Structure formats: structure tokens, C-alpha cells
*Asks:* 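For reference, the structure I am asking about is given below.
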2 protein chains.
Amino acid sequence: MATIGDVAAAAGVSRSTASYALSGKRSISEGARRRVLEAAEALGYTPNAGARALATSQTMVLGLLARFHADEFAPAMTQYILGVTDTARDLGYDTLLVTEPDGAGALRRITDSRMVDGVVLLNVAHDDPRLPVLRAAPQPGALVGLPGDCSGVDVFDLDFEQAGRVMVDRLHGLGHRELILVSQPEHVVERGGAYVWRLRDAALERARRLGVRLHAVYGESRRPAAERMLGALLDARPGATGLLLDNEAAAAALPSVTRARGLEGLSVVGRYSAEFAETFALPYAYVELAPDRLGEMAVRQLVRRIESAQARAEPFVVRLVPAELTSPPS
Amino acid sequence: MATIGDVAAAAGVSRSTASYALSGKRSISEGARRRVLEAAEALGYTPNAGARALATSQTMVLGLLARFHADEFAPAMTQYILGVTDTARDLGYDTLLVTEPDGAGALRRITDSRMVDGVVLLNVAHDDPRLPVLRAAPQPGALVGLPGDCSGVDVFDLDFEQAGRVMVDRLHGLGHRELILVSQPEHVVERGGAYVWRLRDAALERARRLGVRLHAVYGESRRPAAERMLGALLDARPGATGLLLDNEAAAAALPSVTRARGLEGLSVVGRYSAEFAETFALPYAYVELAPDRLGEMAVRQLVRRIESAQARAEPFVVRLVPAELTSPPS
DNA sequence: CTGAAAGCGCTTACAG
DNA sequence: CTGAAAGCGCTTACAG
């Protein structure tokens, strides 16, 4: 592989001149400049990433930490990841994807070893063990998901409280007065999925204010169980005419359940991504999660902090994307 | 951040002694060894990845190139990726995930700049533009997906030809004599998805030999279209009593179509992952794709080649995983 | 406008 | 058993 020394020799200049000609960081005589560029082209020169990182303290790589749990149904993961990787590349960065169970240890490894210039955390829990590590790290970090303590990091998430209100308002507006909310399974909450109770508590509060009965329950995250759970639930609450689904597995399972029972009068509003709605051909109105957009927002802010000392000094942000209701396909 | 110089100073030894004590690559007096390890621990020392890569020509990072097409339904992508990242980590490697549309350019970038020690290509096309780049690269590469030309790389894939035969045999064994095969959409084939016609041609050949009528058609990859297509197809072929689905969107759509038509007599056999079967609660027998296992196999072989000069000299392999029929859930 | 040199933080022959 | 030194391939003050 050609080094910058080879390029310099071929162009008949010093290595520093070759470097400056390539980077454009100082003015170079037109002739030297041209010879360097031609030599680089001819030799197929690409700078060695490790050497450059060592010299500049910049790797042009972002870390992406994703949590996968075997007992969770995480259909939006690909969209989150694509939002991050595509945006990173647009901004000139590559992405190191880390999926190991010990997220805190992994985070320490990639930050301490200076493999990355910054880090995006996906699937952030209320009391996320990765956060202390991230705050202690020299690189900036951006989160997708709202933790209990947002200090020291930029945070991006859907406004789940507003989502809860929007969902209740929708069914109340359609005239329904007894509703069921199916949340994520309890183990998701126990694991720190604060968005579950943020949506639920806001929905309960709104329902109370509107004089609507709202039964909030935990759902399932696996497929055959989700069907059974919905069936039992509808049996137990025959008076309920509206269903709020903050649970992807339940949303995916519902069509077959209602079809089997002939419950065409049931009104439903979900909370999932547009991609998910299409994949499962769901006919319900829903609050869109927009995982790719959240990933993009996190990366843009992260790169701002990485590249500008001024931006690094700005106060940290918590950006909650407004919950918007998307109509079902007609 | 502490450097190895800091550790050496704190332990009262030279940098080379500190380095050797940490790596264990030569014998060190017990006292010096202990003091180095304690100093490293106390200072929270982690080697700088860029510096180490520069010195050793090893990054301990694997490149993972995934292709995403907006018009493709790629439900197994997460499983492929997890198979790769989890296995890589088990073997001591991190994973650089590259998703940009220009896969050949991206591959050249990460190999030329020496960001990675090896590369896994996902979603390999028959005449994949990334392959010439990979063959020219100094790093070894492993593919998930069988291209037209396997020279210079290790290849892992499901045996799609055998899958086609297994699927026909299954329905023939159940007594069916007129079948329909729904393949991926035509644009997947045009893009180089050779596995589509490998399965189809093998199925046609087997059907011919068994005296079974087999109608092979292209399906859809998007959700509402998949339902319509299946409906029209079943109308057009009223004599067909068995369905082979080499198309995830069609498999996901089929339950609602058959329910709407009361086609309980239809026998179905699919080709998808276990994860997919569960996610969509599919009641059909299927040939399992096992994307995580394919990813794992590719990484293991890749790391073997990276780490052993002897392995690097071995002939390249093409490993086709046998197609096995998985029974539907009872 | 340009070059010689130092330095980034490691590893590893080379000497002793 | 250990240390001084060279070298990996860059970038960037420092001099001229």
C-alpha cells in the first residue's frame, strides 16, 4: 500500500508538502499541488486510518451501542440503526456497531481505547448503566431514549407523554368512553423502559380528566402469547370499545384476534413506526415512532459537538419529538 | 488518558518492559510484572487503538457490509447482523457496519485505509460489484450469499437448490399434484438475487421428475400488494392445492388471504427464518434460513484466515448449509 | 511557498 | 531479565 512518503517521492516534494497539498490546509504552488494529486491518484493512495487517528486524535468513527434482549420484540431496531449509519456517513463518519450484552463494559472499551469520536446509545433505560461510563468518557454522547438523569448528554426521543394524551384524545373524540391500554410487557418496564409508564401515566391522567374509563395492562412481547392475552383481555372487558396499543407484538397480533371474534366495532390506535405499520399491514391510526429520524437527530447533534468547540460548550439538549397521529390507510 | 509511558513510570520500568508485562510476550520478573499490572489498573490504562493498529498492522475490527434496498423486505437483516457482531466480539473483534448504497466504494475506503482486518459481505448478488474490490484488497473476505464467481473468498449460504427440492418433496409427499411457487419480486432477481432462481429451477426440475405441475411466479415485496397478488394467483390457479413461498412478504400476507377465502385445505411450505416464523405467527412448515448461523460461520472462517498464516493458505471454501424442514407449531 | 523535524502511542527486534 | 531505540504512517508547528 502506498504511503504519503511514496506520494511525496513520486511528486518530488517533501512529505509535509504532500500532506498539505492533499488536505489543502496551507497554500501550495500550483505545480506541486498538481503533481501531488496526480501521484496520489496514480498510486491509489489512501491515508492509513490508524496513523491519521494517532496524529490527529480523530478517528472519524462513531460508536453505536444497541441493546438486544431475546425476550423483547424490537422491530424498529433496523430503522434506528439505518438512521444512525446513513446520517453518520453523510457527515463523513463510519459507525462501529456494538451489540454485546455488557453495554457499559463495551462502552468503556471503545471510548478508553479512542476507537470513536463520539457515541450514540440506543434503547436507553431509565437508570441506564452505560450512562455513568459515558459521562466519564472524553467523547461526547447522544441518546435515543429519555433516561432519568439527562445530565452530560444530548437526548432525543418521542414525546411519549404527549403520545399517551393524543391516543386517548383520539378515541374520546370518536365517542368511546371505556378504553383499554396494552403496554409493553412488565419485564420491559422492570428493565428500565421508562417510556412505557410515561405514556401510560399521561394516558391515565388524560382519561381521568375527560371522564373516560381506561384499563391499563401489561401485554406480551411474543407472538402466540400476544394473541391469547388479547383474547382474554377483550373477554374480561366487554364494555371497552377502544384499544390503545403501546406494544408492537399486540398490534401485530390484533387483526387475527378481531377477525376471529368479529369485533369490527372496536376502535384502535397504536404507537409504532410507519415501517412497522406497512410490514404488518395494520389498518389502525397510530402515533409514529420515526426511529430513523431519531437516529438522524442524535447523530447530527453528536457530530456538531465533535466538530465544534463552540457547540461542545453549549448546554445539553433534551429534544422530544411531538407525537403526531397518522391516519390508517383507507 | 494514561499512556503506556505513564504506566511504565508508575511501575518504575521501561516502556518496553511495561508493554511486555501487559502482553505476556516475554518473561518478566515477578516483581516488575506485578507493579506494571497494578499501575495499569490504578491508572485505568487502556491501549490506544490507533497506535496499536499502527504498530501491529492489526485493528481488531471487522467490516460488515450490508445492502439495504427500500423496495426490499429484508426481515432477516437484524439476525444476520447479530450473528456477525456477536461472533466477532466472542473472538475479540469489533464490527464496523457499513450501509451506504455504494458498497464497492465503501469497501475500498475501509480496506485501503486499513480500518479493518477483514470483511463480511451480506446480501451478495450474483455479479456483485463489491467482489472485484474485495479480491484486490489485502484483507480476507467472507460472503453470506453465493455469487457467480467464488474465487478468492469464502462463501456461506443456505443450499437454496436443495431447499427447492425439499419444498416440492414435502408437498408431493402430502399428495399434492399441482403447486404454485411464489418467488421474490422480479426486481430482486434483476438485482442479482441468484438464490431466487436457484431455488426455483431446482423446484421445477424436481416437480417435473415427480410428475407434479408447478406454476412459478414472481411475488411482491410490499404488504398490501402481496395480499392482492396472492388473491389473484389463487383465483387464476384453482386447481393448485399446495403453495411454496420463497418470499417473506407473501408468507406474512398469506394467513389473512386464506382466512378471508376459507382456503383451509391449502398446504403451504415456506422459506424463512425461525425468528420470522414466530414474529408473524406463521403456521406453516418451512425451510429455515438461519441467518444468525450463516453470519457466525462467515465470521469464524474470516477470523481463522486473519489470525493464521496457515489458514490463509488453505483453499477457499463454499459452504452451503443443508436445507432442513421445520414443522409448523402444533 | 517549502522542508526538516518532532510527536501521536504503541510494539518489537536488538543489545546487553 | 531488562532498556534504549527504531519504526508504524500520518499531521503540524517551527524555520527558513
Side-chain angles (χ1 to χ4, degrees), chain A residues 1-37 39-40 43-61 109-117 138-139 307, chain B residues 1-37 39-40 43-61 109-117 138-139 307:
Chain A
M1 211 66 231
T3 72
I4 197 162
D6 300 330
V7 173
V13 300
S14 71
R15 297 194 310 157
S16 60
T17 297
S19 177
Y20 283 121
L22 257 13
S23 72
K25 285 192 182 169
R26 82 176 179 194
S27 44
I28 299 285
S29 69
E30 188 41 41
R33 208 183 99 81
R34 214 203 46 246
R35 275 176 292 135
V36 168
L37 296 188
L43 295 171
Y45 171 70
T46 306
N48 179 297
R52 175 174 276 181
L54 188 56
T56 63
S57 300
Q58 284 216 119
T59 63
M60 302 307 286
V61 174
R109 176 167 48 79
I110 68 171
T111 54
D112 280 1
S113 67
R114 297 295 206 283
M115 298 182 81
V116 296
D117 295 337
Q139 300 95 336
E307 298 190 341
Chain B
M1 211 66 230
T3 72
I4 199 163
D6 300 328
V7 172
V13 299
S14 70
R15 299 194 308 160
S16 60
T17 298
S19 177
Y20 283 121
L22 258 12
S23 71
K25 286 192 181 169
R26 83 177 178 193
S27 44
I28 299 287
S29 71
E30 187 42 39
R33 208 183 99 80
R34 215 203 46 247
R35 277 177 291 135
V36 168
L37 296 188
L43 295 171
Y45 170 70
T46 307
N48 179 296
R52 176 173 276 182
L54 187 56
T56 63
S57 301
Q58 285 215 117
T59 63
M60 302 308 287
V61 174
R109 177 166 48 78
I110 67 172
T111 53
D112 280 2
S113 67
R114 297 294 206 283
M115 298 181 80
V116 296
D117 295 336
Q139 298 96 335
E307 297 189 342

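Below, each value reflects all heavy atoms present in this structure, side chains not excepted, and no hydrogens, waters or symmetry copies. A, B, ... follow the sequence lines: proteins, then strands. Residue 1 opens every chain. Keep in mind that this is a model prediction, so the values were computed, not measured.
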*Asks:* Report the distance from atom OG1 of B:Thr59 to atom CE of A:Met115, rounding to the nearest 0.5 Å.
*Replies:* 7.0 Å

*Asks:* Tell me the interatomic distance from A:Ile4, atom CD1, to C:dA4, atom P, rounded to whole angstroms.
*Replies:*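 Distance, rounded to whole Å: 15 Å.
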
*Asks:* B:Leu22 CG to C:dC10 P: how many Å, rounded?
*Replies:*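 Going from B:Leu22 (CG) to C:dC10 (P), I get 10 Å.
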
*Asks:* At less than 4.0 Å, is any side-chain N or O atom of B:Lys25 found next to OP1 or OP2 of C:dT12? Yes or no.
*Replies:*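 For C:dT12, OP1/OP2 do have a side-chain N/O of B:Lys25 under 4.0 Å.
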
*Asks:* Check every atom of C:dG7, C:dG9, C:dT11 against the side chain of B:Arg52 and return the nucleotide holding the closest atom.
*Replies:* C:dT11

*Asks:* Nearest whole angstrom, please: distance from the P of C:dG3 to the CZ of A:Arg35.
*Replies:* 9 Å

*Asks:* Rounded to whole Å, how long is the line connecting atom OH of A:Tyr20 with atom C1' of D:dA13?
*Replies:* 7 Å

*Asks:* State, yes or no, whether a side-chain contact exists between A:Met1 and B:Asp112 at a heavy-atom distance under 4.5 Å.
*Replies:*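 Yes, at least one pair of side-chain atoms sits under 4.5 Å.
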
*Asks:* Think A:Thr17 has a side-chain N or O under 4.0 angstrom from the OP1 or OP2 of C:dG3?
*Replies:*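 Yes, because at least one side-chain N or O of A:Thr17 sits under 4.0 Å from OP1 or OP2 of C:dG3.
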
*Asks:* Indicate yes or no: at least one non-hydrogen side-chain atom of B:Asp117 is less than 4.5 angstrom from one of B:Gln139.
*Replies:* no

*Asks:* Between C:dC1 atom C1' and A:Ile28 atom CD1, what is the distance in whole Å?
*Replies:* 7 Å

*Asks:* Both B:Pro47 and B:Arg26 contact DNA chain C. Which one's nearest nucleotide lies toward the 5' end?
*Replies:* B:Pro47

*Asks:* Does the side chain of A:Val7 reach to within under 4.5 Å of the side chain of A:Val36, using non-hydrogen atoms?
*Replies:*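 Contact flag for A:Val7/A:Val36 side chains = yes.
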
*Asks:* Would one find a side-chain N or O of A:Ser27 under 4.0 angstrom from OP1 or OP2 of C:dC1?
*Replies:*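 Yes, A:Ser27 has a side-chain N/O under 4.0 Å of OP1/OP2 on C:dC1.
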
*Asks:* Atom CD of A:Glu30 and atom P of C:dT2: how far apart are they, to the nearest Å?
*Replies:* 10 Å

*Asks:* For A:Arg52 and A:Pro47, which heavy atoms make the closest approach, and how far apart are they?
*Replies:* NH2-CG, 3.4 Å

*Asks:* Once you round it to whole Å, what is the distance between C1' of C:dT12 and CG of B:Leu54?
*Replies:*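 That distance rounds to 13 Å.
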
*Asks:* Looking only at side-chain N and O atoms, does A:Ser14 come under 4.0 Å of OP1 or OP2 in C:dG3?
*Replies:*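 For C:dG3, OP1/OP2 do have a side-chain N/O of A:Ser14 under 4.0 Å.
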
*Asks:* Is any side-chain N or O of A:Ser29 closer than 4.0 Å to OP1 or OP2 of C:dT2?
*Replies:*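 Answer yes for this pair, as a side-chain N or O of A:Ser29 is under 4.0 Å from OP1 or OP2.
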
*Asks:* Just to be sure I understand the rule, does B:Ser19 reach a base, reach only the sugar-phosphate, or reach nothing, if contact means heavy atoms closer than 4.0 Å?
*Replies:* base

*Asks:* May I ask you to say what B:Ala53 touches in the nucleic acid, namely base, sugar-phosphate or nothing, with a heavy-atom cut-off under 4.0 Å?
*Replies:* nothing

*Asks:* In the structure shown, which nucleotide is the Watson-Crick or G-U wobble counterpart of D:dA4, with both distances under 3.5 Å?
*Replies:*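 None - no nucleotide pairs with D:dA4, as no candidate has both distances under 3.5 Å.
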
*Asks:* Is it the case that atom CZ in A:Arg35 sees more than 12 heavy atoms from other parts of the structure closer than 6.0 Å?
*Replies:*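 Buried by this count: over 12 neighbours within 6.0 Å.
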
*Asks:* With the side chain of A:Ser16 defined as its heavy atoms from C-beta on, choose the nearest nucleotide among D:dT2, C:dA5, D:dC8.
*Replies:*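 Of the candidates, C:dA5 comes closest.
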
*Asks:* Choosing from C:dA6, C:dC8, C:dG9, which nucleotide comes nearest the side chain of B:Thr3?
*Replies:* C:dG9

*Asks:* Using atom CE of B:Met1 as one end and atom P of C:dC8 as the other, report the distance to the nearest whole Å.
*Replies:* 16 Å

*Asks:* Start at the 5' end of DNA chain D and walk down; is the nucleotide closest to B:Ala51 or to B:Val13 reached first?
*Replies:* B:Val13

